[in-house]
Trainee: 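So that we are looking at the same thing, I have put the structure below in structure tokens.
These values consider heavy atoms only, across backbone and side chains, with no hydrogens, waters or symmetry-generated copies.
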Amino acid sequence: MELRITALVVICMLSYYVDCGNAQSVCSSESRESEDGLAACLQSIRDTMVNESAFWFGTDYPVNCPVPEYTIECVNLDPTPVSMADRLFFKGTFDVLTIEHYMDVTIHEKPGTYEGCGHIYTSDIEEDHSLDPIDPDPLTPWQTSHGFSASVQGLADTSAHYTLVIQDVGFIFLHGVYINIPGDSFDIANGEAIDAYHGPLYYRNDPQNPYIFMLFRQNQTNMELTQYWTDYFNDPSGSGFFNISDFAADQNLQGPVAINWLMSITDPYISEKQPFVNICPLFVEEAEREVDLYHVPNDIPFTVSVNIDYFSVGMNFSTCCNDYSYENATYSLDPIGDGTVTPFDNKDQPISITLLKMKLTPLPIDFRGELYTLLMIDPDISNNPGTGTREKPLAHWLVTNIPNGRVDQGDIVLSYRGSMPPSGQTHRYQFLLYEQENLLDIDPYDYTPDCQNQGIPDRCLFEVQRFVSENQLQFLGATWYNATSDAYVAYTKVEQGEPKEEVCALIPGYENPCPTSKGTSQHFTRIIVEIVVFVLLVFVIVT
């Protein structure tokens, strides 16, 4: 039997560290149906608990972060490479043989809606995720936010009561404590929630982070917390960093007798639950990779959020044989949704531009001592090669020497020009943010030598790549919107003197010349004639 278990454990460990295709996990429900299979699963869990290379905080950490820095990739409360067991318990004190049982844990994902990073996310998925610690499918904060259930296979002492502790292994945060769970039914609901479950709020996709479920046997049927731990859990700031070794010793707990864990990645739900955290540049970058903005470098990560708000004052106007009425409009750019707006909505310069650096703590991260450049372009104007191409787009706005992250305090090199896509076309307008090394003194004409449009000689065929290179600009972030031509574009172009026939050709109701009031005059004439006839008839009858 020992030989069979050893062989199964070897297969299990291989399945954890290499790609085994469709190989069945040693801890799958099917594998655990036999006594040997269950034993192999438990041994694999024990081995993984003490394996110093199994998780990101182990032996890989000093390789990936040789000089630990406060960056999103290298944040680590204790950079000493350790196993999961030594991360949680006092080093060398964890006894793997206390793990006697397998604990089934199921995460219940529910449908719903949340707002994250300026975008509304809606999920219709309702799914149960059964955790497999040896072959885990990573789960996101949204997926794990709705609750869990647990059962234990083959509890030896059903008369005992148990304590369940849920903890973030990477950052030692507590995510749930339940005491006095009866062993005969093992229903979490029949226990006492000292700190009710709250799911992972992990902030990166690579590497994944483990969240562990640990079951301890109590020596008391109705265990009460010591005064220290009572005060700890009553303190709103207390259920953060958690020392499981001290808790287990103080409460005289045995074990853990059963363990399971999930592996977490991130999603924008974290920005709703922890607004002081800003990892939105990660998701904007993912969205940008989908649309592939031409002037955004693929090898430089997004590190700053560029949040832009518009307010457009309403107006009434007539153009192309039609009357139009636009009300006041307010909206925020949503690059993750690749949103489409009308040119009327962004005809006026943004009322607010907020720059936010990526950060993981409530502590503010400011822009002191740094200078920035913001460039707005339209690379989709390539149908007009004399005005712009993808490589040399039309520049709509250029602000340099932005101090303290305040765009409104920067130097305006090119004033704001709203979107003006031709009739029947949709253009994607981009805002590109760069960091400067020094103060800049920019003459926009230096970067438009090929411009053939005399109306905008300092904007058309703007040489973005040369502008970035010569001024030693470092890309930081971007945002964008799509704009489809509307009546306001036609109105503006006609007012600027462009040929009305060309501008209005695709506008419904347009005729040349526009319909006059002739039809209306004939209608009123007919009414007057009918009234006169009626009056004459009445006169004849009366007389």
Trainee: List the residues meeting side chain to side chain donor-acceptor pair (under 3.5 Å) with Tyr310, not counting sequence neighbours, and say none if there are none.
Mentor: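 Scan of Tyr310 (side chain to side chain donor-acceptor pair (under 3.5 Å), adjacent residues dropped) gives Tyr416.
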Trainee: Can we say Lys91 and Asp86 salt-bridge, meaning some charged N sits less than 4.0 Å from an Asp/Glu carboxylate O?
Mentor: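 Yes, charged N to carboxylate O under 4.0 Å.
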Trainee: Test of understanding: with side chain to side chain donor-acceptor pair (under 3.5 Å), list the residues that count as partners of Glu437, not counting sequence neighbours.
Mentor: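 Result, side chain to side chain donor-acceptor pair (under 3.5 Å) vs Glu437: none returned.
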Trainee: Identify, with sequence neighbours excluded, every residue that meets ring pair (Phe, Tyr, Trp, His ring centres under 6.0 Å) alongside Trp56.
Mentor: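 Ring pair (Phe, Tyr, Trp, His ring centres under 6.0 Å) list for Trp56, sorted by chain: Phe171.
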Trainee: Should the heavy atoms of other residues, nucleotides or ligands under 6.0 Å from CD of Gln409 be counted, would the total exceed 12?
Mentor: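 Enclosed.
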Trainee: Under the side chain to side chain donor-acceptor pair (under 3.5 Å) rule, what do Asp78 and Thr80 come out as? Steps first, then yes or no, please.
Mentor: CA-CA 6 Å; Asp78 181 4; Thr80 304; 3.2 Å; yes
Trainee: Can you tell me how far the OG1 atom of Thr48 sits from the CD1 atom of Ile259, to the nearest 0.5 Å?
Mentor: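 Here the rounded value is 10.5 Å.
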Trainee: Run Gln465 and His295 through side chain to side chain donor-acceptor pair (under 3.5 Å) and show every step you take.
Mentor: CA-CA 8 Å; Gln465 298 303 322; His295 290 279; 2.9 Å; yes
Trainee: Within 45° of the axis and under 6.0 Å from the centre of the six-membered ring of Tyr102, does NZ or CZ of Arg32 qualify?
Mentor: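 Output yes; distance and angle both within limits.
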Trainee: Only one of Thr373, Leu374, Leu371 forms a side chain to side chain contact (heavy atoms under 4.5 Å, CB included) with Ile402, so which one is it?
Mentor: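 Per the side chain to side chain contact (heavy atoms under 4.5 Å, CB included) rule, the option paired with Ile402 is Leu374, out of Thr373, Leu374, Leu371.
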Trainee: Please confirm whether Phe173 and Phe241 have ring centers closer than 6.0 angstrom.
Mentor: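 So the answer is yes for these two rings.
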Trainee: So Tyr481 and Asp345, side chain to side chain contact (heavy atoms under 4.5 Å, CB included) or not? Walk me through it.
Mentor: CA-CA 11 Å; Tyr481 66 84; Asp345 293 335; over 6 Å; no
Trainee: Rounded to the nearest 0.5 Å, how far apart are CD of Glu192 and NE2 of His161?
Mentor: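 Between Glu192 CD and His161 NE2, I get 11.0 Å after rounding to 0.5 Å.
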Trainee: Could you tell me the separation between the CG atom of Asp195 and the OH atom of Tyr178, rounded to the nearest 0.5 Å?
Mentor: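 Result: 8.0 Å between the selected atoms.
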Trainee: If I take atom CD1 from residue Ile279 and atom OG1 from residue Thr303, how far apart are they, to the nearest 0.5 angstrom?
Mentor: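 The distance works out to 14.0 Å.
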Trainee: Only one of Asn219, Thr226, Asp246, Ile179 clears side chain to side chain contact (heavy atoms under 4.5 Å, CB included) with Gln251; which?
Mentor: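 That would be Thr226; it is the only one of Asn219, Thr226, Asp246, Ile179 passing the side chain to side chain contact (heavy atoms under 4.5 Å, CB included) with Gln251.
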Trainee: Would you check if Ile353 and Phe431 make a side-chain contact, meaning some heavy-atom pair closer than 4.5 Å?
Mentor: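 No. Closest side-chain heavy atoms not under 4.5 Å.
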Trainee: Please check if atom NZ in Lys357 has more than 12 non-hydrogen atoms from other residues, nucleotides or ligands closer than 6.0 Å.
Mentor: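 Counting neighbours around NZ of Lys357, more than 12 heavy atoms of other residues, nucleotides or ligands fall under 6.0 Å, so yes.
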Trainee: Just checking Phe247 against Tyr232, ring centres under 6.0 Å apart?
Mentor: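 No, ring centres 6.0 Å or more apart.
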Trainee: Quick one: pull up CG in Leu215 and NE2 in His101 and give me the separation to the nearest 0.5 Å.
Mentor: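 Reported to 0.5 Å precision, the distance equals 8.5 Å.
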Trainee: Step through it carefully: locate the ring centre of Tyr121, locate the ring centre of His119, and say whether they are under 6.0 Å apart.
Mentor: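 So the answer is yes for these two rings.
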